[in-house]
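Note that ligands are numbered from 1 as they come in the structure, with each ligand's atoms numbered from 1 the same way. The first residue of the sequence shown is numbered 1, and numbering continues consecutively from there.
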Amino acid sequence: MPKEALSILDERTHATYEIPIHNGAIRAMDLRQIKTGPDDFGLMTYDPAFMNTASCRSAITFIDGDKGILRYRGYPIEQLAERCTFLEVAYLILFGDLPTAPQLKEWVGQITHHTMIHETTKKFLEGFRYDAHPMGMLASTVAALSTAYPESRHVHDPELRRLQIMRLIGKMPTIAAYTYRHSLGYPYVYPDNELSYTENFMSMLWKMAEPKYAADPVLARALDILFILHADHEQNCSTNVMRSVGSSHADPYLATAAAAAALSGPLHGGANEEVLRMLDEIGSKDKVPAYMEKVKSGQLKLMGFGHRVYKNYDPRALIIKWAADKVFEVTGRSAKLDIALELERIALEDDYFVKRKLYPNVDFYSGIIYQAMGFRPDIFTVLFAIPRTVGWLAQWEEMLGDSEQKIARPRQVYTGQAVRDFMPLEKRGVEIATPVV
Ligand code: SDX
């Protein structure tokens, strides 16, 4: 049986080292012994954007990017999307197993119990301009919850952690809906705890004068499936932020707000909104080839395409395409779908995309569904943040419970000036004749 180890020869010193391999990785700290002398700091790894660096060990989500596989706690995403509700999957992601019927009933009751937000939080929202972006409002308001629950800073108290987790999962849809209502100048709709998680969210968004909001069951189920698909995705950009901010023992509200900020970027969760803008810009199916030429010339990115991990079809995109058909049976087919399908058809055949293994990701079709369901594009990333809060919190708890984790503090490769003496003000900017060597 070959040894699970690397043998390294340092050509500078001709010293050799044996570095053990565990789970397909070596410990970066094992490289520090590789020195040229006693004053040498030792070798580091240089990995901008963490292209090949595992920051943690995690048991929550497994992705095989080459095979297009995604599993939460070992369960294939396809089975969970088909058979579960979002809160059922949230329980699985957070606690490691699918809940029994009594556990699920209690869990749904606990989340439902925490859907209301403090009246002062509503006043906080009223401070935003009418055209404030919902993600900016969401991240700020979630951060403000930190001031409402100061006990949340006791991050090592499991009971207090569980309470904040339930509060955040319960309140995210409420805050999200309130940002939407604020932007329209509509009165806020209080949570209706007789409704399911997604139906209640739809009620807080769209209920007007009717006594009780009745969600279309097909649309409510589609939204539940979309929430399941967005719940976690191992060490993506925003989850990395959640873990990093959480590693300083900041409270979960401020860590979640930071994660939401990261998600808002157009390269990450903000891509679903950008996809809609792109489809609107293209305008019609016959204009797709010209647009693709711009992408291939490097002028533009094809939003909703490509992924750091998936070098095959994002399994979530396939499920979203299936859900889209169900939604369009209710809402009518979106003309944007034809443009999206044409973009996909060309991309899957064109060498530029094939060579770079660029496939549709989770954001490519989600925006089309959301718009067909009546959501405005600027709230799409909020729709991503609501379910991803579950993944952020599960990863946060896992980090806190990992004895190997400490405050996140990467090293750097310094490329700046060597030591130099202070330059008095009167001498700055004065051309100094460079000494002739
Ligand atoms: C999400 O990490 C996660 O898991 C994220 C996520 C989650 O659930 O949390 O899955 C959610 O964020 C999905 C991604 C949404 N973003 C977009 O759709 C924006 C468009 N996609 C790209 O910006 C890009 O594909 C990324 C950011 C998603 C991934 O970028 P990488 O891994 O850093 O890849 P790269 O930029 O190094 O690209 C490699 C090559 C480059 O070409 P060359 O320099 O080799 O010539 O592929 C090209 C890129 O220019 N490329 C694209 C492209 N994506 C990559 N070219 C055109 N259009 C694109 N979308």
Legend entry - atom 6 (C) of ligand 1: the protein heavy-atom neighbour that sits closest, reported with distance to 0.1 Å: H307 NE2, 3.7 Å
Legend entry - atom 12 (O) of ligand 1 - nearest protein heavy atom and its distance: H268 ND1, 2.9 Å
Inset, instruction - List the atom of C237, the atom of A262, and the distance in Å for their closest heavy-atom pair. - result: SG-CB, 4.2 Å
Inset, instruction - List every atom of ligand 1 that sits less than 4.0 Å from any heavy atom of L267, numbering the atoms from 1 in the order shown and giving each element. - result: 12 (O), 14 (C), 15 (C), 16 (N), 17 (C), 23 (O), 27 (C)
Inset, instruction - Could you label the plane-to-plane angle of the H268 and F384 rings as parallel, tilted or perpendicular, counting under 30° as parallel and over 60° as perpendicular? - result: perpendicular
Inset, instruction - Evaluate side-chain hydrogen bond (donor to acceptor under 3.5 Å, both in side chains) for R376 paired with S183, printing each intermediate quantity in order. - result: CA-CA 11 Å; R376 222 177 44 207; S183 69; 3.0 Å; yes
Inset, instruction - Scan the protein's non-hydrogen atoms and note whether one is under 4.0 Å from atom 47 (O) of ligand 1. - result: yes
Legend entry - Residue, atom name and distance, where the atom is the protein heavy atom closest to atom 36 (O) of ligand 1: K301 NZ, 4.0 Å
Inset, instruction - Can you establish whether the number of heavy atoms outside F41 located under 6.0 Å from its atom CZ is more than 12? - result: yes
Legend entry - Contact bool for atom 10 (O) of ligand 1 (protein heavy atom, d < 4.0 Å): yes
Legend entry - G304, any N or O under 3.5 Å of ligand 1 N or O: yes
Legend entry - Residue portion contacting ligand 1 (non-hydrogen atoms closer than 4.0 Å) for I63: neither
Legend entry - Heavy-atom proximity to atom 59 (C) of ligand 1, best of L302, N240, V309: L302
Legend entry - Where D363 and A271 come nearest, the two heavy atoms and their spacing: OD2-CB, 3.6 Å
Legend entry - Ligand-residue contact atoms, ligand 1 with N236, heavy atoms, under 4.0 Å: 2 (O), 3 (C), 4 (O), 5 (C), 9 (O)
Inset, instruction - For ligand 1, note which part of N361 has a heavy atom under 4.0 Å away: side chain, backbone, both or neither. - result: side chain
Legend entry - Beyond-backbone contact of Y213 with D192, side-chain heavy atoms, under 4.5 angstrom: no
Inset, instruction - State, with a plain yes or no, whether a side-chain heavy atom of L276 is found less than 4.5 Å away from one of Q371. - result: yes
Legend entry - Donor-acceptor side-chain pairing of Y149 and H118 below 3.5 angstrom: no
Inset, instruction - Answer yes or no for Y310: is there a heavy-atom contact with ligand 1 below 4.0 Å? - result: no
Legend entry - Heavy-atom nearest neighbour in the protein, as seen from atom 21 (N) of ligand 1, with distance rounded to 0.1 Å: F305 O, 2.8 Å
Legend entry - Verdict with reasoning, E293 to K296, per salt bridge (Lys or Arg N to Asp or Glu O under 4.0 Å): CA-CA 5 Å; E293 287 314 309; K296 289 159 65 177; 3.4 Å; yes
Legend entry - E342 and R345 ion-paired at < 4.0 Å: yes
Inset, instruction - Verify salt bridge (Lys or Arg N to Asp or Glu O under 4.0 Å) between R277 and D280, making sure each step is shown before the conclusion. - result: CA-CA 5 Å; R277 284 216 183 89; D280 283 337; over 6 Å; no
Legend entry - H230 contact mode with ligand 1 (heavy-atom cut-off under 4.0 Å): neither
Inset, instruction - Could you tell me whether atom 33 (O) of ligand 1 has a protein heavy atom closer than 4.0 Å? - result: yes
Inset, instruction - May I ask whether atom 2 (O) of ligand 1 is less than 4.0 Å from at least one protein heavy atom? - result: yes
Legend entry - Proximal ligand 1 atoms for L358, defined as those under 4.0 Å from one of its heavy atoms: 47 (O), 51 (N), 52 (C), 53 (C), 54 (N), 55 (C), 56 (N)
Legend entry - Heavy atom of protein inside 4.0 Å of atom 23 (O) of ligand 1, strictly below: yes
Inset, instruction - Please determine if R388 has a nitrogen or oxygen closer than 3.5 Å to a nitrogen or oxygen of ligand 1. - result: yes
Legend entry - Selection from Q235, H233, M51 by shortest heavy-atom distance to atom 4 (O) of ligand 1: H233
Legend entry - Per-atom contact, atom 26 (C) of ligand 1, protein heavy atoms, under 4.0 angstrom: no
Legend entry - Numbered atoms of ligand 1 (with element) below 4.0 Å of Y352, judged on heavy atoms: 56 (N)
Inset, instruction - Using a strict cut-off of 4.0 Å, indicate which atoms of ligand 1 neighbour a heavy atom of A271. - result: 15 (C), 16 (N), 17 (C), 18 (O)
Inset, instruction - Check whether any N or O atom of R356, backbone or side chain, sits under 3.5 Å from an N or O atom of ligand 1, and answer yes or no. - result: yes
Inset, instruction - Measure the distance from atom 15 (C) of ligand 1 to every protein heavy atom, then report the residue, atom name and distance (to 0.1 Å) of the closest one. - result: D363 OD2, 3.2 Å
Legend entry - Atoms of ligand 1, numbered as shown, that sit under 4.0 Å from any heavy atom of V295: 57 (C)
Inset, instruction - Would you please indicate if the ring centroids of H307 and F364 are separated by under 6.0 Å? - result: no
Legend entry - Nearest non-hydrogen protein atom, atom 19 (C) of ligand 1: M303 CE, 3.7 Å
Inset, instruction - Would you kindly say whether S146 and D251 are connected by a side-chain donor-acceptor distance under 3.5 Å? - result: yes
Inset, instruction - For atom 39 (C) of ligand 1, state whether the nearest protein heavy atom is under 4.0 Å away. - result: no
Inset, instruction - Tell me, please: is K296 in heavy-atom contact with ligand 1, that is, under 4.0 Å? - result: no
Legend entry - F375 and W206 aromatic centres sub-6.0 Å: yes
Inset, instruction - On the 0 to 90° scale, with breaks at 30° and 60°, tag the Y370-H230 ring pair as parallel, tilted or perpendicular. - result: tilted
Inset, instruction - Output the list of atoms in ligand 1 that are nearer than 4.0 Å to some heavy atom of R308, sorted by atom number. - result: 29 (C), 31 (P), 32 (O), 33 (O)
Legend entry - Greater than 12 external heavy atoms within 6.0 Å of K285's NZ: no
Inset, instruction - May I ask whether E234 places a heavy atom under 4.0 Å from ligand 1? - result: no
Legend entry - Donor-acceptor contact present, side-chain Q79 to main-chain P76, <3.5 Å: no
Inset, instruction - Starting from atom 28 (C) of ligand 1, locate the nearest protein heavy atom and write down its residue, its atom name and how far away it is, to 0.1 Å. - result: G306 O, 3.7 Å
Legend entry - Over all atoms of both residues, closest heavy-atom pair of R388 and N236: NH1-ND2, 3.1 Å
